[in-house]
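The first residue of the sequence shown is numbered 1, and numbering continues consecutively from there.
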Amino acid sequence: MKKSAIAVLASVLFSGHVLADDAQPKAYLGLNYLAAQYEEDGVDDTLDLGAIYVQLGAQINPYLAGELRVGSGVTDDSTTIYGVDASLELKNLFGGYLKAGIPTGTLIYPYVIAGFTRAELEVSASDGYYSASNSDSGSDVSYGAGINLNITDNVAANIEYMQYYDKDGVEIAGLSLGGQFKF
């Protein structure tokens with residue numbers, strides 16, 4: 001009798017946990033502003049680029065989520081190289097990522113993130129007489145860390161630093177700030 005009472009109590013407690021877990025939002029949609037820095041070997045200046053991206057993710061369990069991102073550049077930067085004025089713009093970026101986080105039992109959810117990003121950049125140059133432009137794209141392994149601040153059960157603010165691209169003498173990394181709606 002004692003064993004069956006313990007078994008019933010354990011099953012009631014466990015089923016309550018399962019039902020409570022099912023009530024938690026599993027998917028999210030977010031919007032972030034990215035303040036990125038572009039560095040290239042042979043270029044003395046660091047260029048500041050801005051982008052807005054949308055996140056679509058799914059929380060697989062309390063520790064793991066999968067996420068897709070699509071973004072577009074909103075600000076560009078310029079520099080002078082050997083007397084030629086050059087302007088750089090982040091045209092677009094998209095990627096797929098895996099996030100691993102630690103539920104803290106508080107409003108703060110720290111995480112690390114890794115995946116792949118594809119980015120397209122456009123450079124325009126002019127020396128006063130001639131002008132030219134060119135676009136190029138590439139993909140690389142991306143990684144970073146961030147914190148979600150859970151404002152309510154369905155709304156979170158987000159801050160994240162991520163290394164998006166570091167290949168062939170070009171590095172793109174930045175800090176993003178935004179929000180997420182969980183459903």
Side-chain angles (χ1 to χ4, degrees), residues 24-43 45-79 86-104 108-124 133-151 154-183:
Q24 295 297 316
K26 299 290 184 187
Y28 58 91
L29 181 65
L31 182 68
N32 283 53
Y33 176 78
L34 169 64
Q37 293 188 323
Y38 174 93
E39 295 179 354
E40 183 175 346
D41 292 347
V43 178
D45 292 336
T46 297
L47 301 175
D48 296 320
L49 305 173
I52 291 185
Y53 64 85
V54 175
Q55 308 166 317
L56 178 61
Q59 194 72 38
I60 299 164
N61 62 43
Y63 306 96
L64 206 57
E67 184 174 296
L68 299 174
R69 295 181 182 182
V70 177
S72 180
V74 292
T75 62
D76 57 0
D77 201 0
S78 58
T79 188
S87 177
L88 183 69
E89 178 184 1
L90 177 62
K91 296 297 282 181
N92 58 63
L93 65 88
F94 59 91
Y97 311 94
L98 194 59
K99 291 169 79 170
I102 301 172
T104 62
I108 297 172
Y109 181 80
Y111 64 87
V112 293
I113 183 169
F116 291 93
T117 301
R118 180 165 180 81
E120 181 181 2
L121 299 165
E122 182 175 82
V123 63
S124 301
S133 65
N134 187 36
S135 64
D136 195 11
S137 61
S139 58
D140 197 13
V141 173
S142 304
Y143 55 89
I147 295 173
N148 282 354
L149 176 62
N150 296 311
I151 299 166
N154 293 331
V155 177
N158 173 266
I159 187 167
E160 175 183 281
Y161 181 82
M162 190 141 163
Q163 177 78 41
Y164 286 95
Y165 191 90
D166 190 4
K167 193 173 173 181
D168 302 325
V170 172
E171 181 179 340
I172 302 171
L175 187 68
S176 65
L177 182 63
Q180 296 174 343
F181 177 72
K182 303 172 189 178
F183 52 95

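Using a 4.5 Å heavy-atom threshold, the side chains of Asp140 and Phe116 count as separate. Looking at Ser135 and Glu120, their side chains come closer than 4.5 Å, going by heavy atoms from C-beta outward. A 4.5 Å side-chain heavy-atom check between Lys26 and Phe183 finds every atom pair outside the cut-off. Looking at heavy atoms from C-beta onward, Tyr33 lies out of side-chain contact with Leu177 at the 4.5 angstrom threshold. In this structure, the side chains of Leu88 and Asp77 stay at 4.5 Å or more apart for every pair of heavy atoms. Two residues are said to be in side-chain contact when any heavy atoms from C-beta on lie closer than 4.5 Å; Leu49 and Leu121 meet this criterion. Using a 4.5 Å cut-off on side-chain heavy atoms (C-beta onward), Tyr165 and Thr117 make no contact. Here the side chains of Arg118 and Ser137 are in contact, with some heavy-atom distance below 4.5 Å.
For CD1 of Ile102, the number of neighbouring non-hydrogen atoms (other residues, nucleotides, ligands) closer than 6.0 Å is 12 at most. The neighbour count for Leu31 CG, taken as heavy atoms of other residues, nucleotides or ligands under 6.0 Å away, is above 12. Heavy-atom contacts from other residues, nucleotides or ligands closer than 6.0 Å to OH of Tyr161 number more than 12.
The two residues Gln163 and Ala173 come nearest to each other via the heavy atoms OE1-CB, 3.7 Å. The two residues Ala36 and Ile172 come nearest to each other via the heavy atoms CB-CG2, 4.2 Å. Contact detail for Asn150 and Ala156: the closest heavy-atom pair is OD1-CB, 3.6 Å. Scanning both residues, Tyr109 and Pro62, for their nearest heavy atoms gives OH-O, 2.9 Å.
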Practice problem: Please assess Ile52 against Leu34 for the test side-chain contact (heavy atoms from CB on, under 4.5 Å), listing each intermediate value before the final yes or no. | Solution: CA-CA 6 Å; Ile52 291 185; Leu34 169 64; over 6 Å; no
Quiz item: Between Leu90 and Asp76, does a side-chain contact (heavy atoms from CB on, under 4.5 Å) hold up when you go through it step by step?
Solution: CA-CA 7 Å; Leu90 177 62; Asp76 57 0; over 6 Å; no
Exercise. Might you work through the side-chain contact (heavy atoms from CB on, under 4.5 Å) test for Gln180 and Leu29, ending with a clear yes or no?
Key: CA-CA 5 Å; Gln180 296 174 343; Leu29 181 65; over 6 Å; no
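The CG atom of Asp166 sits 9.5 Å away from the CD atom of Glu39 when rounded to the nearest 0.5 Å. For the atom pair CD (Glu40) and OG1 (Thr46), the distance works out to 11.5 Å, reported to the nearest 0.5 Å. The CD atom of Glu89 sits 6.0 Å away from atom CD of Glu122, with the distance rounded to the nearest 0.5 Å.
In this view, Glu160 and Tyr53, Arg69, Tyr111, Ile113, Asn158, Met162, Tyr164, Ser176 satisfy the side chain to side chain contact (heavy atoms under 4.5 Å, CB included) rule, not counting sequence neighbours.
Gln59 places a side-chain N or O within 3.5 Å of a backbone atom of Asn61 that can act as its donor or acceptor partner. Between the side chain of Ser133 and the main chain of Ser124, no donor-acceptor pair closer than 3.5 Å is present.
The residue from Ile60, Asn148, Leu64, Val112 that alone fulfils the side chain to side chain contact (heavy atoms under 4.5 Å, CB included) condition with Lys99 is Asn148.
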